Amino acid sequence: MNDILPVDTPYWQYLERTVERVLGSYGYGEIRLPVVEQTELFKRSIGEVTDIVEKEMYSFDDRNGESLTLRPEGTAGCVRAAIQQGLLGVPQRLWYAGPMFRYERPQKGRQRQFHQIGVEAFGVATPDMDAELILVSARLWRQLGVEDSVELQLNSIGSPAARQAYRSALVAYLEQHREALDEDSQRRLDTNPLRILDSKNPDTQALLNGAPELVAYLDDESREDFDRLCALLDAAGISYVINPRLVRGLDYYNKTVFEWVTQRLGAQGTVCAGGRYDGLVAQLGGKATPGVGFAMGMERLVLLLQEIGAAGAVAATVDVYVISAGDDAQRAALAATEQLRLQMPELNIIQHTGGGSIKSQLKKADKSGARVALIWGEDEVAAGTVTIKPLREQGGVRQAQQSLPVQQIQAALRAALVSETE
Ligand code: ATP
Ligand code: MG
């Protein structure tokens with residue numbers, strides 16, 4: 001479980017800001033959910049024979065002997081809340097963000113406490129909703145500037161009945177080759193055979209080339225919905241790759257499943273994954289309500305932002321550094337700076353603290369990355385003026401400093417900072 005340090009938090013904040021804006025622009029509302037739920041909730045939703053429930057959950061008994069679990073994912077809790085809080089009568093578009101916990105082998109892009117942003121839409125069974133969710137994620141990649149680094153993989157896993165029929169055919173085929181399977185896949189053959197499809201073992205993958213394909217077993221409705229989804233994505237200009245072996249690690253999915261994958265992070269390349277889960281609400285005791293959603297791994301997205309060199313977009317820049325010399329000047333500077341923060345809340349302003357000569361304060365101003373310094377010396381206080389000193393070059397020249405009446409700071413800053421960004 002990691003600490004997230006000040007050198008990295010600007011990336012997190014940038015991601016969070018962008019997500020909030022993009023999801024708001026599609027009409028999604030934020031829901032804040034508890035980190036702990038009853039263990040039973042995850043067993044019933046994620047499935048008993050999944051990696052998560054079999055070996056990854058942080059579960060404990062509370063003082064009352066009730067088994068609780070640190071949430072390993074967000075969908076189960078979101079569905080639980082939607083049922084309990086009566087949110088399901090009308091279509092709901094929800095999102096949440098926060099820590100998730102899984103006992104895994106930690107490595108780059110894989111932690112025991114990690115963070116997800118989850119998006120869930122309830123109450124719409126048609127594939128236009130699946131398309132909307134994919135559009136939301138695609139919009140997010142564009143806003144973050146990572147759209148060239150991710151690829152959409154898409155599949156349909158059909159109805160539960162279709163999957164059951166396929167499962168039998170797959171098991172029948174793999175049973176003939178049981179000896180050739182790796183240990184993990186042999187175990188899954190008895191517990192969760194569909195998971196063998198995304199085995200990373202090359203020999204197992206080669207064996208699967210001769211296996212029956214899921215698409216041949218799809219029910220008509222799933223097939224039609226999948227075609228409609230693809231047509232909507234085509235119309236929206238979203239490119240995708242159909243990956244017939246894409247299944248998801250959680251039991252509750254049906255029909256559409258998808259993942260956004262990047263090649264830039266090594267083995268932990270899936271930055272976003274989701275799909276449709278029409279049976280889950282009823283399975284957890286609610287009135288049957290279709291649902292579709294996805295979750296993004298925030299650590300992996302932060303790594304990706306760092307990998308593509310997004311520092312410029314992410315950095316919290318200092319606009320103004322305020323300098324003063326002498327007690328009178330310090331008081332005047334403090335009052336004027338507070339006034340400025342009120343008038344121009346969009347600016348990041350550092351007020352120098354800890355004293356020192358004007359010269360040494362100017363060095364700190366320069367180091368802070370600020371674009372201009374505002375200087376109150378004794379002369380300025382006596383005259384009711386302030387000196388504004390550009391600290392960066394623009395178009396190859398650095399503008400000269402100038403003194404002006406305090407009332408004109410705002411206009412002068414506006415001119416100096418605007419022309420700088422142009
Ligand atoms: P994987 O196959 O990588 O274990 P998963 O299928 O278990 O992934 P999901 O449950 O679908 O993952 O979670 C959605 C996303 O959350 C993943 O695509 C990934 O970006 C992120 N994620 C999942 N587990 C972790 C983890 N332990 N550390 C960091 N990110 C994670
Ligand atoms: Mg996993």
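Atoms within each ligand, like the ligands themselves, are counted from 1 in listed order. Owing to the predicted nature of the structure, the values given are computational and were not obtained by experimental measurement.
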- Query: Under a heavy-atom criterion of less than 4.0 Å, does E299 contact ligand 1?
  - Reply: no
- Task: Under 4.0 Å from a heavy atom of A273: give me the atoms of ligand 1 that qualify, with their elements.
- Result: 11 (O)
- Task: Check the side chains of Q268 and Q107 for a donor-acceptor pair under 3.5 angstrom, ignoring hydrogens and angles.
- Result: yes
- Query: Which of the atoms in ligand 1, numbered in the order shown and given with their element, are less than 4.0 Å from a heavy-atom of A295?
  - Reply: 14 (C), 15 (C)
- Message: Strictly by side-chain hydrogen bond (donor to acceptor under 3.5 Å, both in side chains), give each pair with a member in residues 271-283 just once, sequence neighbours left out.
- Response: E120-Y277, D130-R276, N254-D278, R276-D278
- If you count the atoms of ligand 1 from 1 in the order shown, which ones are under 4.0 Å from a heavy atom of R248? 6 (O), 9 (P), 11 (O)
- Return yes if a side-chain donor-acceptor contact under 3.5 Å exists between Q13 and R17, otherwise no. no
- Query: Can D128 and T126 be counted as having a side-chain donor-acceptor contact under 3.5 angstrom?
  - Reply: yes
- Under 3.5 Å side-chain donor-acceptor pair for T270 and E259: yes
- Query: For ligand 1, which atoms have a heavy atom of G297 less than 4.0 angstrom away?
  - Reply: 16 (O), 20 (O), 21 (C)
- Under 4.0 Å, heavy atoms only, figure out whether ligand 1 is touched by the backbone of D51, its side chain, both or neither. neither
- Task: Consider only side-chain N and O atoms of S222 and D225, and report whether a donor and an acceptor are under 3.5 Å apart.
- Result: no
- Residue part near ligand 1, for M100, under 4.0 Å between non-hydrogen atoms: neither
- Considering residues at least two apart in sequence or located in another chain, which fulfil the salt bridge (Lys or Arg N to Asp or Glu O under 4.0 Å) criterion with D366? R392
- Quick one: does Q116 get an N or O within less than 3.5 Å of an N or O on ligand 1? yes
- Shortest heavy-atom approach to atom 2 (O) of ligand 1 - which of R102, Q107, R110: R110
- Task: Compute whether any side-chain donor of one residue and acceptor of the other, for Q92 and Y28, lie under 3.5 angstrom apart.
- Result: no
- Message: Are any of the N/O atoms on E104, whether in the backbone or the side chain, positioned under 3.5 angstrom from an N/O atom of ligand 1?
- Response: yes
- Task: Under 4.0 Å from a heavy atom of V271: give me the atoms of ligand 1 that qualify, with their elements.
- Result: 20 (O)
- Quick one: which of F114, F101, Y253, F294 has a heavy atom closest to atom 25 (C) of ligand 1? F114
